[in-house]
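Computed from a predicted model, the values in this text were never measured in an experiment.
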Amino acid sequence: MRMNRLQKGMVFDMKLFFQLTGFELKKILCRKRSVITLLVVILLGIFSVFGTIVGNYYFLDENGEEIAVSRYEEEMIDRRNGEALSGRVVDADLIMEAVDAYRQVPLDKVYYDITPEYQNARKYSEICEIVCWTMDLSIDEFQQLTREQAEQFDQIRRENKEYMIENSDINMSENMKEYWRECIEKSPKTLTYEYSGGYYRYVAVMYTTAFMAAAAVAIMISGIFSEEYVSGADNLILSSKHGKGLVIGAKLLAAFGIAEALIIFLIAVSYIETMAVWGTSGADASLILLGNIFEYPITIGQSALFYSICMLGSILLFTALTTFFSAAFKTPFNTIVVMAIILIVPMFIVIPDSAPLWVFQLEQLMPTHMMAFWDAMSDLQYEIFGVVIPPYVFLPVFAIIASCVCVCLSYRIFKRHQVV
């Protein structure tokens, strides 16, 4: 009999908890500023991808007359060119094909990229880019590349990686150096080109989208606790039967539910749109094809997945910090100001190359940097008890742990708030 009563009490408490959570969700979503913020962010998120292909590029020809070129058609030309080369090994034959095509391009012209010669060579633009940053060449030097030099491409790629280990500005431990060597061994000895325009656009556009989502979170939930102080409702909440337990938990669940639902929606929309326009090819390609970044032993598709998890972690941490300051400050405005500083200022901090490794690692732990693909795939790994952890794994784990700490502090601060 006693067990049945306990079970009924637990069911009742859970039911009440979700009722309170629903009430808190309505409080947040029914505010005018929340409605406006959500509409703006969702619309910008939906149209941010398509906005990059709407309209025209404008050039001046040799006679000074303006030429309009469709952005969409330009992107589709690059997609067709890239897909035509997909599956080919970046070897001397492919490199020399690109060199022969680029030798016809009149680089002395200001707008050489609208000349017929460049349009013929444009098919190899990504091959040219890969070779140039691998072999440290300018486009002029690429035009003069010989076959003997092209045959050294794979060797130079490997030498560059080994040089990074022995001459890196990073003060690496022996464990980290060994991790880098393992990554080199796992990376393909020859590079196969795959068109990955969809994934490149996805990781590029999502930084801005995640930034907007974080700003929306700060605006919408800045008053989750502090507005109770302003209205005087804290008296009623903290003196009620469930005010120091279920109500606080419901507020926190509502805040995190809105934030994570928003970023998941924006991630899904951006992924679907980018793949619809630029295609889904390249998921199994080498990570190095997305840019001159550290070659982790994961594919481009896997890196996009890990990056998405990092974005979820960044919004989780940003939400936790917002609830903490909302509980600590007396007005929502103060919380918005502090969260704006946390979101924006890290973008403008430049750390000198001579700084210790831990300074760069600490910078990566800021929510703003977690939102960036290049930070998630940075060559600055973390080492704990001799175990080297890549940032795309460490960052979301840190976000979860730090968020739990912030939640506990928020709960404690509001619960022990001295009602006047």
Side-chain angles (χ1 to χ4, degrees), residues 9-38 41-42 213-266 312-340 342-343 367 399-420:
M10 291 174 65
V11 172
F12 173 77
D13 286 344
M14 288 300 295
K15 182 178 180 181
L16 176 61
F17 176 70
F18 287 115
Q19 286 178 340
L20 291 171
T21 302
F23 175 72
E24 293 297 333
L25 285 170
K26 289 180 182 178
K27 283 176 62 178
I28 296 172
L29 296 175
C30 288
R31 295 190 186 106
K32 185 180 293 186
R33 72 166 182 264
S34 295
V35 173
I36 295 173
T37 301
L38 272 179
V41 171
I42 290 175
V217 167
I219 294 171
M220 289 190 297
I221 68 172
S222 59
I224 193 74
F225 292 115
S226 55
E227 282 191 349
E228 310 296 4
Y229 304 149
V230 175
S231 65
D234 52 339
N235 285 279
L236 298 174
I237 294 174
L238 295 174
S239 60
S240 65
K241 180 180 179 181
H242 302 289
K244 293 187 177 181
L246 294 183
V247 173
I248 301 177
K251 284 179 174 292
L252 291 169
L253 181 59
F256 284 100
I258 289 174
E260 291 301 307
L262 177 60
I263 189 61
I264 289 172
F265 172 79
L266 293 175
L312 292 174
S314 70
I315 297 300
L316 183 74
L317 179 56
F318 194 81
T319 305
L321 289 169
T322 305
T323 60
F324 168 75
F325 286 112
S326 181
F329 293 146
K330 301 301 180 184
T331 64
F333 178 77
N334 292 339
T335 302
I336 293 176
V337 171
V338 171
M339 295 314 298
I342 292 174
L343 183 63
I400 293 172
I401 296 173
S403 297
C404 290
V405 173
C406 289
V407 166
C408 292
L409 292 174
S410 302
Y411 187 94
R412 183 184 181 90
I413 291 172
F414 188 75
K415 184 177 181 179
R416 297 193 174 189
H417 168 63
Q418 296 297 315
V419 180
V420 180

Check your understanding: Any side-chain heavy-atom pair from Phe225 and Leu252 closer than 4.5 angstrom?
Key -> yes
The ring pair (Phe, Tyr, Trp, His ring centres under 6.0 Å) partners of Phe325 (sequence neighbours excluded) come to Phe329
So CE of Met220 and CD1 of Ile36: to nearest 0.5 Å the spacing works out to 12.5 Å
Residue set satisfying side chain to side chain contact (heavy atoms under 4.5 Å, CB included) with Phe23, at least two apart, ordered chain then number -> Lys27
Looking only at heavy atoms, the pair that brings Ser410 and Ala320 closest together is OG-O, 4.3 Å
The side chain to side chain donor-acceptor pair (under 3.5 Å) partners of Thr322 (sequence neighbours excluded) come to none
Between Ile413 and Ala327, the two heavy atoms sitting closest are CG2-O, 3.3 Å
Taken to the nearest 0.5 Å, the spacing of Met339 CE from Thr319 OG1 works out to 8.0 Å
Between Cys406 and Leu321, is any pair of side-chain heavy atoms under 4.5 Å apart?
yes
Val337 meets the side chain to side chain contact (heavy atoms under 4.5 Å, CB included) criterion, sequence neighbours left out, with Phe333, Ile341
The side chain to side chain donor-acceptor pair (under 3.5 Å) partners of Thr335 (sequence neighbours excluded) come to none
query = So, do Leu266 and Val41 sit near enough that their side-chain heavy atoms are less than 4.5 Å apart?
reply = yes
- Looking at side-chain heavy atoms only, is the closest gap between Phe256 and Val407 below 4.5 Å? yes
Heavy-atom nearest pair, Ser314 first then Pro367, reads CB-O, 3.5 Å
CG (Leu29) and OG (Ser34) are apart, to the nearest 0.5 Å, by 6.5 Å
Pairwise side-chain contact, Val247 with Lys251, heavy-atom cut-off 4.5 Å (strictly under)
yes
Measuring only between side-chain heavy atoms, which start at C-beta, is Ser326 closer than 4.5 Å to Ser222? no
Rounded to the nearest 0.5 angstrom, the CZ-CD1 distance for Arg31 and Ile221 is 10.0 Å
Ala402 and Leu317 have their tightest heavy-atom pair at CB-CD1, 3.7 Å
Residues passing the side chain to side chain contact (heavy atoms under 4.5 Å, CB included) test with Ala250, sequence neighbours excluded, are Phe17, Leu20, Thr21, Glu24
The reported gap from CG in Leu409 to SG in Cys404 (rounded to nearest 0.5 angstrom) is 11.0 Å
When rounded to the nearest 0.5 Å, the distance separating CG of Leu253 from CZ of Phe18 is 7.0 Å
Sorted by chain and number, sequence neighbours left out, side chain to side chain contact (heavy atoms under 4.5 Å, CB included) with Glu260 holds for Ile263, Leu312, Ile315, Leu316
